[in-house]
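Because only heavy atoms are used, hydrogens play no part in the values below, and waters and symmetry mates are left out as well, while side chains stay in. Below, read A as the first sequence line, B as the second, and so on, with proteins coming before strands; counting in each chain starts at 1.
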Amino acid sequence: MAKNQKQFVEEITPMEVDFAQWYTDVIKKTDMVDYSPVKGFMVIKHYGYAIWENIQAYMDRRFKETGHKNMYFPLLIPESLLQKEAEHVEGFAPEVAWVTHGGDEELAERLCVRPTSETIICSMYAKWLSSYRDLPFLYNQWCNVVRWEKSTRPFLRTSEFLWQEGHTLHETYDEAQEETLKMLNVYRETAENLLAMPVVIGRKTDREKFAGAYATYTMEALMHDGKALQAGTSHNLGQHFTKAFEIEYQDREGKQQHPYHTSWGVSTRLIGGIIMVHGDNRGLSLPPGIAPIQAVIVPIAAHKGGVNEAAAKIFEELKPTFRMELDDREQYSPGWKFNEWEMKGVPLRIEIGPRDLEQEQVVLFRRDTLEKETCSLDQVKQRVGELLETIQKNLLEKAREMRDQKTHVVHDEETFKRIMKETPGFVKAMWCGDEDCEERVKTETGATIRCIPFEQEKLGDTCPFCGKPAEQMVYYAKAY
RNA sequence: CUGGCUGUGGCGCAGUUUGGUAGCGCGCUAGAAUGGGGUUCUAGAGGUCGCAGGUUCAAUUCCUGUCAGCCAGACCA
């Protein structure tokens, strides 16, 4: 055998060595994305888009189960609408794209490409709402938005991204708050149950909250490199927008009232999270819940004694139940295919060759543990189902362990700085609640308060940075 | 936006210092054998060197500008 073995698929940079490069390698080599001619705008290729479709299918069902209906609002928003809510414009104006011409003619009023749709939706809600009997409004839309980003990275921060945004109106503050937390909880369940991605949930500090929100709640996940990813947010918008947009209804006493408002969204950024939470040196490792291909069948020595036929038969048997691929390409060797599908993160591989046929069995290979086992032909369907469930759970478990191992409790500034530098991850610490203190930590360490978690622990009585009394525990991390 | 690096067949790269019109590996096509961890042999096809301008008899090579990407940072729901 020649010493220079051919490399059909380029090696992936080991993730321990250079995580950023690893990420770029993986997404390009697995047909997740490609770059378009315009900076920050990515083509989502079939393998990446299939993951998005699976996320959509699950979440859309959950939204409908919780009483929401889908609508679609326009891409373009008149400048005057965007400017109605002061904090909101200030937050978004620097990163909106403008349409100034229609054909050759300059528009009387320029139009922004939606960076988010609160304004256009509120302008419509104002027309549609008249009585308390109309409430609540529970609507969602799946769409794209554009935010002119200075530095971009596929899935994690792109100038255009796909997402869903829910926008609801309620009679009372309490109802709006309940909705805000209910949808955050749907997000958390999606992250944990579907994406196998553990998250910390809590409230954003005022510094970090959404432009125009009364309160922002978030789920934060931790990546392999110790950086946090804001994976979804749910905002209680109070009456900020409903007053600005003059959304009014007649209440039970016949008085005019402004309703309470929420919005919540997750985006294709989740795909980046899945890649960075589960991936390893062989490439992707996808949770069965969203994997475009849940199991791939690789026939070995396919021409010999009925192997092809047996593989095809298993394929037909499993296809109605699982997302399957039969890799009967003749130009590649089995070994090549093994590596290819591992890189693409297919959770389960089914090998079948002459030796298996003799013994009426197949070989099952798990991507998450790299373990092989044999399974008799008549048990394959059942065993595949079991293993996919096991893999789904194991990935969540492994991700939890990784996160816990990268989560530290800190009581003093020196330790905090050392951890952020040497072994970055989540740091749990008490916080005085002072925005200046929060700002100083960010400037000096690059870490921000990711959230004030719902699950509080009393780690001490004072803030590690200023020594002032502290009542809240927060999670700090460097973030994407 | 700042700093560093990069752009040459589909992919990865060499060539650029000392200008003379392009080379390698993989992939691709055809045929044959092989097939349980990136298979072998034979014969082929394919690029004008990111884009624009300049210098020159002549530019992939030198100069200017510009676009795009990577890495780090600043900024950013």
Side-chain angles (χ1 to χ4, degrees), chain A residues 1-2 4-13 18-25 27-29 33-42 87-96 114-118 145 147-154 156-157 159 161 163 165 204-213 216-218 230-235 237 263-267 269 282 298-304 307-308 328-343 349-359 361-363 365 370 372 374 442-443 446 448 478-480:
Chain A
M1 179 64 64
N4 298 331
Q5 274 207 329
K6 289 181 187 175
Q7 296 194 328
F8 288 84
V9 178
E10 297 300 321
E11 289 296 330
I12 295 165
T13 307
D18 187 345
F19 192 72
Q21 196 61 53
W22 171 88
Y23 180 81
T24 310
D25 285 353
I27 54 170
K28 277 165 76 177
K29 286 171 184 167
V33 296
D34 203 351
Y35 299 96
S36 83
V38 185
K39 178 177 164 58
F41 288 75
M42 273 74 194
E87 277 182 43
H88 188 69
V89 203
E90 199 188 322
F92 281 102
E95 52 182 18
V96 296
R114 63 184 164 211
T116 178
S117 303
E118 275 75 9
V145 291
R147 297 178 188 180
W148 215 262
E149 297 286 353
K150 288 179 178 143
S151 69
T152 58
R153 187 182 293 238
L156 300 174
R157 171 158 269 113
S159 293
F161 54 90
W163 78 344
E165 46 181 327
K204 283 287 187 191
T205 63
D206 284 349
R207 190 185 174 284
E208 299 277 331
K209 75 180 182 188
F210 177 75
T216 289
Y217 299 86
T218 180
Q230 178 177 301
T233 46
S234 186
H235 316 289
L237 301 169
S263 74
W264 25 275
V266 299
S267 72
R269 176 183 259 195
R282 295 191 185 206
V298 179
I300 290 151
H303 297 311
K304 288 182 184 163
V307 170
N308 257 340
D328 54 6
R329 292 175 295 177
E330 291 184 16
Q331 67 270 39
Y332 297 119
S333 68
W336 193 95
K337 292 175 181 176
F338 294 171
N339 283 284
E340 158 114 334
W341 294 116
E342 281 164 28
M343 181 177 71
R349 178 172 78 233
I350 302 171
E351 304 172 18
I352 181 159
R355 269 188 264 157
D356 301 307
L357 271 190
E358 275 174 33
Q359 300 179 48
Q361 64 172 32
V362 296
V363 173
F365 173 91
L370 308 178
K372 275 185 182 183
T374 56
K442 178 178 163 43
T443 310
T448 50
K478 292 184 183 174
Y480 270 99

Tell me, please, which residues at least two apart from [X] pass ring-ring contact (aromatic ring centres under 6.0 Å, His included).
X: A:Phe338; value: none
X: A:Phe210; value: A:His88, A:Phe92, A:His235
X: A:Trp264; value: A:Phe63, A:His68
X: A:Tyr35; value: none

With heavy atoms under 4.0 Å as the rule, sort [X] into base, sugar-phosphate or nothing.
X: A:Tyr480; result: nothing
X: A:Val363; result: base
X: A:Asp356; result: base
X: A:Gln21; result: sugar-phosphate
X: A:Glu342; result: base
X: A:Glu208; result: sugar-phosphate
X: A:Lys337; result: nothing
X: A:Glu351; result: base

For RNA chain B, report each stem as range with range, ordered by first number, or say none. Use Watson-Crick or G-U wobble pairs under 3.5 Å, at least 3 in a row.
B:1-7 with B:67-73, B:10-13 with B:23-26, B:28-33 with B:39-44, B:50-54 with B:62-66
If we only count heavy atoms from C-beta on, is the [X] to [Y] side-chain gap below 4.5 Å?
X: A:Val362; Y: A:Asp356; answer: no
X: A:Ile300; Y: A:Val307; answer: no
X: A:Val298; Y: A:Phe365; answer: no

Between [M] and [N] - [atom1] atom distance, rounded Å:
N: B:rA52; M: B:rG10; atom1: C1'; answer: 26 Å
N: B:rC24; M: B:rG44; atom1: P; answer: 14 Å
N: B:rA14; M: B:rU6; atom1: C1'; answer: 15 Å
N: B:rG15; M: B:rA30; atom1: C1'; answer: 32 Å
N: B:rU21; M: B:rU61; atom1: P; answer: 14 Å
N: B:rC28; M: B:rG23; atom1: P; answer: 23 Å
N: B:rU56; M: B:rG20; atom1: C1'; answer: 12 Å
N: B:rG27; M: B:rG9; atom1: C1'; answer: 11 Å

Atom-pair distance ([atom1] on [X]; [atom2] on [N]), nearest Å:
X: A:Leu156; N: B:rC70; atom1: CG; atom2: P; answer: 11 Å
X: A:Gln359; N: B:rG36; atom1: CD; atom2: P; answer: 17 Å
X: A:Trp336; N: B:rC26; atom1: CH2; atom2: P; answer: 15 Å
X: A:Leu370; N: B:rG36; atom1: CG; atom2: P; answer: 19 Å
X: A:Glu330; N: B:rU39; atom1: CD; atom2: P; answer: 15 Å
X: A:Gln331; N: B:rU34; atom1: CD; atom2: P; answer: 18 Å
X: A:Asn339; N: B:rG38; atom1: CG; atom2: C1'; answer: 5 Å
X: A:Asp18; N: B:rC5; atom1: CG; atom2: P; answer: 17 Å

Any N or O donor-acceptor pair under 3.5 Å from the base of B:rG37 to the side chain of A:Glu340?
no
Closest to side chain of [X], choosing from [options]:
X: A:Thr24; options: B:rG36, B:rC71, B:rC1; result: B:rC71
X: A:Ile300; options: B:rA72, B:rU39, B:rG35; result: B:rG35
X: A:Tyr332; options: B:rG37, B:rC71, B:rC28; result: B:rC28

Derivation and outcome, side-chain hydrogen bond (donor to acceptor under 3.5 Å, both in side chains), residues A:Asp18 and A:Thr13
CA-CA 7 Å; A:Asp18 187 345; A:Thr13 307; over 6 Å; no
Run through A:Glu208, A:Arg269, A:Lys204 and flag the one making a side chain to side chain donor-acceptor pair (under 3.5 Å) with A:Gln230.
A:Lys204
Counting only side-chain nitrogens and oxygens, does [X] get under 4.0 Å of the OP1 or OP2 atom of [N]?
X: A:Ser151; N: B:rC1; value: no
X: A:Lys442; N: B:rC75; value: yes
X: A:Ser333; N: B:rG35; value: no
X: A:Arg153; N: B:rC71; value: yes

By nearest heavy atom, map A:Arg282 and A:Gly232 onto RNA chain B; which one lands nearer the 5' end?
A:Arg282
Using heavy atoms to find the nearest nucleotide of RNA chain B for A:Arg355 and A:Ser267 separately, return the residue whose nucleotide is more 5′.
A:Arg355
Under the rule for side chain to side chain donor-acceptor pair (under 3.5 Å), what residues qualify as partners of [X], not counting sequence neighbours?
X: A:Arg329; value: A:Asp327
X: A:Thr448; value: A:Arg450
X: A:Ser267; value: none

Run the salt bridge (Lys or Arg N to Asp or Glu O under 4.0 Å) test against A:Glu342 and tell me which residues pass, sequence neighbours left out.
A:Arg282, A:Arg349
Residues passing the salt bridge (Lys or Arg N to Asp or Glu O under 4.0 Å) test with A:Lys150, sequence neighbours excluded, are none
Atom pairs, N/O to N/O, protein against nucleotides 66-69 of chain B, distance under 3.5 Å?
residue	atom	partner	partner atom	Å
B:rG69	OP1	A:Gly40	N	3.2

For nucleotides 8-10 of chain B, list the nitrogen or oxygen atoms of the protein found under 3.5 Å from its nitrogen or oxygen atoms, one pair per line.
none

Interatomic spacing from OG1 in A:Thr24 to CD1 in A:Ile12 - rounded to 0.5 Å:
11.5 Å
